[in-house]
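Each chain gets a letter, A, B and so on, in the order the sequences are listed, and its residues count up from 1.
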Number of protein chains: 2
Amino acid sequence: MTEKSSPTDPIHARGGSGATIADVAQAAGVSVATVSRALSGNYPVAKATRERIFRSVTDLGYVANAHARALAGATTRTVGIIINDVADPFFAYIARGVERQASAEGRMCLITATHGDKERELALVDLMREQRTDAVILVGGASDDPRYRKQMADRARALAAAGSSLVLCGRPSLGAGVPTKMVTYDNEGGAFAITDYLISQGHRRILYVGGPRDFSTTASRLAGFYRALDARGIERDPALVHEGAFGRGFGYSRMRELLDQEIDFTAVFGANDLVAAGILEALEERGIRVPQDVSVVGYDDVPVASELRPRLTTVRVPLEELGREAVRLALSQTPHDAGASSDNTLTVGTHIVIRDSVSPPNKA
Amino acid sequence: MTEKSSPTDPIHARGGSGATIADVAQAAGVSVATVSRALSGNYPVAKATRERIFRSVTDLGYVANAHARALAGATTRTVGIIINDVADPFFAYIARGVERQASAEGRMCLITATHGDKERELALVDLMREQRTDAVILVGGASDDPRYRKQMADRARALAAAGSSLVLCGRPSLGAGVPTKMVTYDNEGGAFAITDYLISQGHRRILYVGGPRDFSTTASRLAGFYRALDARGIERDPALVHEGAFGRGFGYSRMRELLDQEIDFTAVFGANDLVAAGILEALEERGIRVPQDVSVVGYDDVPVASELRPRLTTVRVPLEELGREAVRLALSQTPHDAGASSDNTLTVGTHIVIRDSVSPPNKA
DNA sequence: CTAGAAATAGTAAGCGTTTACTATGGAGAA
DNA sequence: TTCTCCATAGTAAACGCTTACTATTTCTAG
């Protein structure tokens, strides 16, 4: 098999599977060590030599083998992020923050999705561990199954032992003594604030709809909701809280069911904006006006919230910022949180944004 | 099971940076080769031995080093995808398809974003090449700058030479002879169909707004738009087409400007749904009713289209399917498209979905 | 001039796997 | 009993880079 394609042919000069550093070295008439140095630029190489090397590099279309490089000890320059679903705006915005900050710090970003499967989440952490990522960022609410927590804690330790770190983004701690970093947002506070706003408008019977049961995010939002109720001396009515899921479809179907049951309420708190969108649709379908007949609020302030009509009053969570902070923290040199409350946990604030979906209840 | 770190403590038994296969071999009293075989399961290993090995693996919390594995010749089992922006639903849905199909085929998925920067796009392809991904999927419209095309073609060849492949998703060919695979959707046809629909409703003066100039996607959509006009014998009026960008913000601001100019039109074709959303807002702001006063259509049918009020009539593009097909094609054994028109290019159909944003023009 | 310090290159030892070869111990065949 | 052939297990050579050492020039100062 003759090496036909002209020797100066840009990229496919070498037949095989891409040029290696040895090919470059040979072409430039130097040793591989020199090529390696010229490329990483952390060691003096004569100008003429360097130029010869770079010419060979472009001639051959050489790119370093990242695996060989990683193996040889250099860092992988990659951070991993594990989210529920790439197409869910809540996660997508966090992912965007992570991706941007990572690339600002010269890292690649390995994004994977669990589709809500806990086992898969554990497996993905291992996968990231195999990839030796500089950090793995775990996003979104977590289950509170103890077996699961224990397994995740094991992985956090393994990661820490390998010099990487596990950063929990918007999810609860794995317990004291587990080496993790955390960046969260004030879920409970936001839920409190928006519930309180509803109450201040005169609402007393507020429906809470959505969010998986036994899920940390749901728990915090509900906690804030209850705290606001308690603070104003309004009785908690179990008949008014309806957990389930975070999707738009859930909001729509559950709201329809609730409407059929003729429950007495004047406002609905959607566990997130998507659920609220579904709720709005169910209401619209029945000819119930928002906010005149019923007020509705959501959570997260994803872009769709301001696309809805009426525009949705909701709680703003600085998603992209959250992602950015996660990688900053991950890549910072601060040691892991091994003790009780170190400064390894960072909380970004939330605030309510008032739009058009709330008004005082109809004094029917 | 006591909670103290005994020597047999799961994961952090070894202090350093994670157990290696040699540690496992030692713990199990066998050679590394045997461990490797037991793990990959492609070579007979006595049952007792295998069990001993697996026990050591869990005891030590061992996970293989993916880099060493990749280096030693096994494939990387990773596909790379390059998109504009993780948070843009158009790309997010394609990414979801890619991610799902990849994981269905036992691959990881490396997602990166260009933020619309051509140079960065080129650099990202090289990055993927460094990672030796099994395939790289390049999504979204492309610039038609010849220098850029040449550079991308070089990379396509390099990838092909290395046994990987470049798959172009929703973007035009790099030219005959360049080894790529393609999966596209019928941009021109969808634009034709929806324009024709507008015309059939009686519209004659249709504004086209959005989409970067000199961009393949814009070109195809405009081509379909013009073809529909021509087919019905309606004169093309340059004053009616306004290229620019794909964002919601562009739709909003450009629509405002156009409204100030008091141009004569009865319908607006937004280059995509986001632009249409901006257009809708500008219209609403001026008290112009849709569809009574002006009809509006978009393109892509991202979820927000049905969240808008009125619900947006648009062109449905099977985004997730597109992503899935891209990885199927990428991983299939079919050779690259080296000739003219092979079956290496796959086109998924588009169709218009009629909702509430179009009606016959007001006979004012 | 000459010793010693730069500056510049080369040598070779890993990094953690996979896998082609080789070795060993029985089981069944002759 | 002796020889083959399996089933298993071990050895060691890549894979493509980085980097600690070592070697050779070339300056610079004394």
Should the pair B:R55-B:D59 be classified as a salt bridge under the 4.0 Å nitrogen-to-oxygen rule? no
Taking only the side-chain nitrogens and oxygens of A:T34, find out if one of them lies under 4.0 Å from OP1 or OP2 of C:dA9. no
Can you identify which nucleotide, out of C:dT19, C:dG16, D:dG16, has its nearest atom closest to the B:T20 side chain? C:dG16
B:I21 has an atom CD1; how far is it from atom C1' of C:dT19, in whole Å? 12 Å
Proximity to the side chain of A:A72 - top-ranked nucleotide from C:dA9, C:dG14, C:dT19: C:dG14
So which nucleotide from D:dC21, D:dT8, C:dT18 ends up closest to the side chain of B:Y43? D:dT8
Taking D:dC17, C:dT8, C:dT17 as options, the one with an atom nearest any side-chain atom of B:Y62 is C:dT17
At what distance, to the nearest 0.5 angstrom, does CG of B:L124 lie from CD1 of B:I81? 12.0 Å
Here the distance between atom C1' of C:dT18 and atom CG of B:N65, to the nearest Å, is 13 Å
Send over the distance from A:H67 NE2 to C:dT17 P, rounded to a whole Å. 14 Å
Considering only heavy side-chain atoms of A:R37, the closest of C:dT11, D:dG10, D:dT8 is C:dT11
Between D:dG16, C:dA9, C:dG16, which one does the side chain of B:A68 approach most closely? C:dG16
Closest to the A:A46 side chain: D:dT11, C:dA9, C:dT18? C:dA9
Please work out if B:T49 contacts a base, only the sugar-phosphate, or nothing of the nucleic acid, heavy-atom cut-off 4.0 Å. sugar-phosphate
Charged N to carboxylate O below 4.0 Å: is that the case for B:E325 and B:R328? yes
Identify whether any heavy atom of B:A64 sits under 4.0 Å from a base atom; if not, whether one sits that close to sugar-phosphate; answer base, sugar-phosphate or nothing. sugar-phosphate
State whether the side chain of B:H67 and the backbone N or O of A:A66 hold a donor-acceptor pair below 3.5 Å, judged by distance alone. no
Any donor-acceptor N/O pair, A:R171 side chain to A:G140 backbone, under 3.5 Å: yes
Which nucleotide in the set D:dG16, D:dT18, C:dT18 lies at the smallest distance from any side-chain heavy atom of B:V32? C:dT18
Return the value, rounded to whole Å, for the distance between atom CZ of B:R69 and atom P of D:dC17. 21 Å
Under 4.0 Å from OP1 or OP2 of D:dC17: is there any side-chain N or O of A:S36 that close? no
Between atom CG in B:L71 and atom P in C:dG16, what is the gap in whole Å? 12 Å
